[in-house]
Amino acid sequence: MADLIPALQNALRDAVRRLLPEPADADALEVPVLRVPDDKPGDYGSPIAFGLAKTLRRNPAQIAAELAAAVVPPEGVARVEAVGPYLNAYVDPGAFVRAVIAAPLDLPPSGRKVVVEHTSVNPNKEAHVGHLRNIVLGDAVARIERAAGHRVEVQNYIDDTGRQAAESLFAIRYFDETPPADEKYDHWLGRLYVRLGEAKERDPETIERGVAEVMHRLERGELRHEVERIVRAQLATYHALGAEYDLLVWESDVVAAGFLQRGLEVLERLPHVTRPAEGKFAGALVMDVSEFLPGLEEPQVVLVRSGGNAMYVAKDIGYHLWKVGRLAGMAYRAFDRQPSGHTLWTTHPDGAAEIEGHDFGHAQQAVNVIDVRQAHPQAIVRAALELTRAADAADDDTAAEAVLHHLAYEVVTLEGQAMSGRKGVTLAIDAVLEEAVRRARAVVADKQPDLPAIDDVARAVGVGALRFAMLKSEAKRVIDFRWEQALSLAGDSAPYVQYAHARADSILRAASEAAAAVRAADWDALGPLEVKLAQLIARYPEVVRNAAHDDAPHVVAQFALDLATAWNGYYNHRGPDGRPDTAVLRAEPGLREARLALVAAVRDTLARALSLLGVEAPRQM
RNA sequence: GCGCCCGUAGCUCAGUCGGAUAGAGCGUUCGCCUCCGGAGCGAAAGGCCACAGGUUCGAGUCCUGUCGGGCGCACCA
């Protein structure tokens, strides 16, 4: 609960003030308050006496005892007592649980806008398990940032002028094949791409010439329609995973909008960006990034080669200057209608500069979900953004604070092997999805054969299990993808949480069906078991804040597991006599209503946490 | 060589930005449906939190070093 802890901190601070020779010293005092371990008495505790022991030069346990005597418990706290050197508070169960249930789950709007870029798969083949982590992570981060009160725009960058797209498109002509009706377009293209790689050994000149020509056509935007076809096929996969986007950003449009040139003009005004007349960088445009990347052997980064060609980072910098509102001049139009009904927009040469109700870019923060191997180039983009911001702040202190957070996630290996598209050590997301849903369906059919919407449930469970497996541990952890582990339906998994949710919902359903004599809740009948559950629910806003601050979905996943575990434990709890003592529906009137309210809060909080991870919470499973 | 990340139970991972006797899942062993969903619950076993110093009343958490593993260090994208 939001205000109980500050109230407790204030009460403790007041007590300290009475104890100190210089009462003013207490004003700035930090009062740590934590939940007490399960085997210790009390609900919230503070180690405040430790810190005071030093300045007072006295035994902390003694100080704790004196503070306990001096403290005036705030509303909602029954009493405060010393437990050794700790100061533990017992909340008043009725008041506490009621307050937790009444507290809003939503965080207030921040007024900040965050652009989350993720997916950004090359438009030349089907997405594989390596991309899976990116998509799921990015999607969850977007949901979490939104829940934290920020305006969020999800961008998916389409590298339509790259070599990979060119190779795939050229392969169609080279092998002169037409896509089969029974194979997804991106899968078919991926196969041609691999075949072309093999054919290069036999016929290098023709292929090299052909690919180069396709690249030029791509740059001129002549093959837009062909690339769009690939992108649409890939989008079907992302949508099946539950991910949606706000805007596709095409590299050819970034270039056509002049962001490369204009970005370079912005950079050239910086003292860090120079054009050496001699030395190894003679004729090139370079940027000194030593301020941001200390310890580099070579602090100069080439932006434009001495031959005049721009490096890729330069394009990326231009793109990012637009993201944070330093450049404008892009055109947009609708691309697709996504499963939720949300329109997916795209940049487009024939689009409109203004779209009613949309203000693309102009973010205060950019989050880039890109694997850790890109850490270097990302740091360079970030350095460029920081440098331009610093330059602006010098003569205009209203310059927006724009920060780039590179969410660097580790790679996914496949059964211990490094993933490699070329070598064919790869696994398509579509195949994994199919298998996940198939396995989930078998379990659902076994456990709940009479379930009405069995296919929907199997999908929710299968996809949920997969997403959860990608999200439950930190991004910087290497994930080795293994079937039985990723699709586990037991233990630390989405189905475990979903099951807890469905169980709560089934109680609430039964209650509403039997709603004959509804009493007013008797909050005072609640006890310590309910407090433990409510304490977890009360953490939710803090969990969202922390997860958003660090762009760390695993924080939410771990919370969902904790809450589900606590709820399952409560549900199965037995009293000293060995009999269940937490029955909800069969509890006495009054207590029953209070418990029902708590169960509803459990269910809603579980559903909310799962939704932040993009995991559905079926009412039955 | 330089830089970043990781080292916690047999395996896979958490650990509330320094607090109480380090927690889960999987696996192993033993229990629990005359009771609201057993995809569940309870219990047992399993740990020099890589190692060595340091800071602190207090270190898995912060600092330094060592060892082991991963990744990155282009006028490539």
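A, B, ... follow the sequence lines: proteins, then strands. Residue 1 opens every chain.
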Can you tell me how far C1' in B/A24 sits from the matching atom in B/C62, rounded to whole Å? 26 Å
Could you tell me whether the phosphate oxygens of B/C41, OP1 or OP2, come under 4.0 Å of any side-chain nitrogen or oxygen in A/Tyr496? yes
Can you tell me if A/Glu588 has over 12 outside heavy atoms packed within less than 6.0 Å of its CD? no
When rounded to whole Å, the CG to P distance for the pair A/Asn572 and B/G38 reads 7 Å
Syn versus anti for B/C67, judged by chi lying within 90° of 0? anti
Should A/His549 be listed as having a side-chain N or O under 4.0 Å from OP1 or OP2 of B/C17? no
Would you say A/Asn568 places a side-chain N or O within less than 4.0 Å of OP1 or OP2 belonging to B/C41? yes
What are the two closest non-hydrogen atoms of A/Leu471 and A/Ala557, and how far apart are they? O-CB, 4.1 Å
Flag, side chain of A/Arg133 to backbone of A/Ala475, donor-acceptor distance under 3.5 Å: yes
Between A/Arg482 and B/C26, does any side-chain N or O lie under 4.0 Å from OP1 or OP2? no
Decide whether a cation-pi geometry holds between A/Arg503 and A/Tyr571; the criteria are a distance under 6.0 Å from NZ or CZ to the six-membered ring centre and an angle within 45° of the ring axis. yes
Between A/Ser506 and B/G37, is there a contact of a side-chain N or O with OP1 or OP2 at under 4.0 Å? yes
Considering only the C1' atoms, how many Å lie between B/G7 and B/G60, rounded to the nearest integer? 12 Å
Look at the side-chain N and O atoms of A/Lys40 and state whether any lies under 4.0 Å from the OP1 or OP2 oxygen of B/A20. no
Can you list the stems that RNA chain B is part of, where a stem is at least 3 pairs in a row, each Watson-Crick or G-U, with both distances below 3.5 Å? B:1-7 with B:67-73, B:10-13 with B:23-26, B:28-32 with B:40-44, B:50-54 with B:62-66
Sidechain-backbone polar pair: A/Asp160 side chain, A/Ser252 backbone, donor-acceptor under 3.5 Å: yes
Report yes if a side-chain nitrogen or oxygen of A/Tyr499 is closer than 4.0 Å to either non-bridging phosphate oxygen (OP1 or OP2) of B/A39; otherwise report no. yes
If only side-chain N and O atoms of A/Arg503 are considered, is one of them under 4.0 Å from the OP1 or OP2 phosphate oxygen of B/A39? no
Using a strict 4.0 Å threshold on nitrogen-to-oxygen distance, state whether A/Arg509 and A/Glu513 make a salt bridge. no
